[in-house]
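Please read the structure below before turning to the comments.
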Number of protein chains: 2
Amino acid sequence: MLKNAEFTNKLRSSGLRPTKQRLKICEVLFNRDHTFHFTINDLAKNISRELNEKISLATVYNTVHAFKKKGYLKEISINSDKSYFDTNTTNHHHFFDEDTNELIDCDDKIIETPKIKKNILGKKINSVEVLVKVATDNQNQK
Amino acid sequence: MLKNAEFTNKLRSSGLRPTKQRLKICEVLFNRDHTFHFTINDLAKNISRELNEKISLATVYNTVHAFKKKGYLKEISINSDKSYFDTNTTNHHHFFDEDTNELIDCDDKIIETPKIKKNILGKKINSVEVLVKVATDNQNQK
DNA sequence: CAACAGTTTAGAATAATTATAATATATTAT
DNA sequence: ATAATATATTATAATTATTCTAAACTGTTG
């Protein structure tokens, strides 16, 4: 459970002013036991529910994007209809349950990190991530 | 280079009426040498350019979704701002060039298909796909 | 505390996608 | 073939996610 002062430092050290709103968003995002996958709307709702306070949706957008740029959040692309973000910013893999739309993080103890046999573009490899889609047998190719 | 009659059969055999519009869209999508990655807007533009004929945007949306449901197209989620579709419906991997936004298909000769060490949900595995993001060194974590 | 740069805000604007409902077309039964 | 029906197409409106705008506000620096 990080304190306000720690978030203040974290923000300041990356060149972001520690405003009231940003500190509250830090609390909601980073004072958790586990990885948090969310849309910006989810987050805005969580803020008003958990903190009983409203932060303008535009600010939530601004902040999430600022945090992403600073590497505190990572954007996930599974569904293309909405943007999801992830508090787990390490290189990791996912299981995606097509029945429930649940997304589960895992590391290379669960899913092997694959070898790139030929780096066809010759550029620097920034990430190698695996997505495994699962569903109850029969139907569900959506 | 498939013919109209072949597309007609293909459509009819999957329970889709072979309408003028669908046949034209088949031509644009499937009479190609290589995999085609596109947004619905791209496709609509291609239709009016290549075939010199306009198909209502709503029809293009309907058709692409119908084709996806029938397994003729696959939806890709790399960027979350738009929906991309792919004529390569096999299980395959991707390189994504963050400098140019180019997406390149490849199979397990280029990128190894990873092993799932533990199927944590115990459900049927529908796909295992790898995404490798590359960019010119330095900057570019976007 | 004054001055300035950076931030927040409500609401407008934009862009992608989906819904609507009238018209048109393909299929089927006659 | 033709009529009846079921399905598609279309233009347009509606919806949804996201970004933009410009005025008011807040944090920081001197």
Side-chain angles (χ1 to χ4, degrees), chain A residues 4-5 7-28 37-48 51 53-70 72-73 75-85 101 142, chain B residues 4-5 7-28 37-48 51 53-70 72-73 75-85 101 142:
Chain A
N4 227 291
F7 289 130
T8 299
N9 288 338
K10 181 173 169 155
L11 289 173
R12 219 183 320 247
S13 71
S14 61
L16 292 172
R17 286 189 182 172
T19 64
K20 266 202 321 268
Q21 292 85 345
R22 285 174 179 165
L23 290 168
K24 285 186 189 306
I25 291 173
C26 281
E27 267 183 63
V28 174
H37 295 138
F38 63 94
T39 67
I40 289 184
N41 239 299
D42 295 340
L43 178 57
K45 272 188 220 144
N46 272 21
I47 292 163
S48 56
L51 302 180
E53 185 153 349
K54 261 176 199 51
I55 295 179
S56 157
L57 189 57
T59 300
V60 184
Y61 270 93
N62 290 339
T63 302
V64 167
H65 286 124
F67 285 7
K68 180 186 163 191
K69 188 148 37 171
K70 296 300 180 183
Y72 301 155
L73 293 173
E75 193 164 2
I76 307 174
S77 299
I78 303 288
N79 294 316
S80 45
D81 51 335
K82 279 176 201 168
S83 272
Y84 284 82
F85 293 85
N101 276 11
K142 197 190 178 185
Chain B
N4 227 292
F7 289 129
T8 299
N9 289 338
K10 181 174 171 154
L11 290 173
R12 223 186 313 251
S13 71
S14 60
L16 292 173
R17 288 187 180 174
T19 64
K20 265 203 319 269
Q21 291 85 344
R22 286 173 177 166
L23 290 169
K24 284 186 191 307
I25 291 173
C26 280
E27 267 183 63
V28 173
H37 295 138
F38 62 94
T39 67
I40 290 183
N41 239 299
D42 294 340
L43 178 58
K45 271 188 221 145
N46 272 22
I47 292 163
S48 58
L51 302 179
E53 186 153 346
K54 260 176 200 48
I55 295 179
S56 159
L57 190 57
T59 300
V60 184
Y61 271 91
N62 290 339
T63 302
V64 167
H65 286 124
F67 284 7
K68 180 188 163 188
K69 188 147 38 175
K70 295 300 179 183
Y72 301 155
L73 293 173
E75 193 164 1
I76 307 174
S77 299
I78 303 288
N79 293 317
S80 45
D81 52 335
K82 280 176 203 170
S83 272
Y84 284 81
F85 293 85
N101 277 11
K142 199 186 175 190

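Quick note: numbers below take in every heavy atom, side chains included, and nothing from hydrogens, waters or symmetry partners. Proteins get letters first, then strands, A, B, ... in listed order; numbering begins at 1 in each. Since the model is a prediction, treat every value here as computed from it, not as a measurement.
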### Query
For residues B/E75 and B/S83, is any side-chain donor paired with an opposing acceptor at under 3.5 Å?
yes

query = Is any side-chain heavy atom of A/I55 less than 4.5 Å from a side-chain heavy atom of A/K20?
reply = no

Q) Given side chains that start at C-beta, do those of B/I76 and B/F85 come closer than 4.5 Å, heavy atoms only? A) no

(request) Answer whether the closest heavy-atom distance between the side chains of A/L16 and A/K70 falls below 4.5 Å. (result) yes

B/L23 atom CG is separated from D/dT9 atom C1', nearest whole Å, by 14 Å

In whole angstroms, the gap separating P of D/dT7 from CD of B/Q21 amounts to 17 Å

Checklist entry - Does B/T59 put a side-chain nitrogen or oxygen below 4.0 Å from OP1 or OP2 of D/dT10? => result yes

Under a 4.0 Å heavy-atom criterion, the protein footprint on nucleotides 24-30 of chain D, written with B, S and -, is --BBS--

Looking at A/Y72, I'd like to know if the NZ or CZ of A/K10 sits under 6.0 Å from its six-membered ring centre while staying within 45 degrees of the ring's axis. yes

Separation of C/dA26 atom P from B/N9 atom CG, nearest Å, is 16 Å

- Query: So do A/F38 and A/L73 actually touch side chain to side chain, heavy atoms under 4.5 Å?
  - Reply: yes

Between NZ of B/K54 and P of D/dT9 the distance, given in whole Å, is 18 Å

Taken to the nearest whole Å, NZ/A/K69 to P/C/dT7 is 10 Å

5' to 3', nucleotides 10-24 of chain C under a 4.0 Å protein heavy-atom cut-off (B base, S sugar-phosphate only, - none) gives B-----SBBB-----

Q | Contact check, side chains of A/L23 and A/L11, non-hydrogen atoms, under 4.5 Å | A | yes

Separation of D/dT9 atom P from B/L11 atom CG, nearest Å, is 10 Å

Would a distance-only check, ignoring hydrogens and angles, find a side-chain to backbone donor-acceptor pair under 3.5 Å from B/N46 to B/L43?
-> no

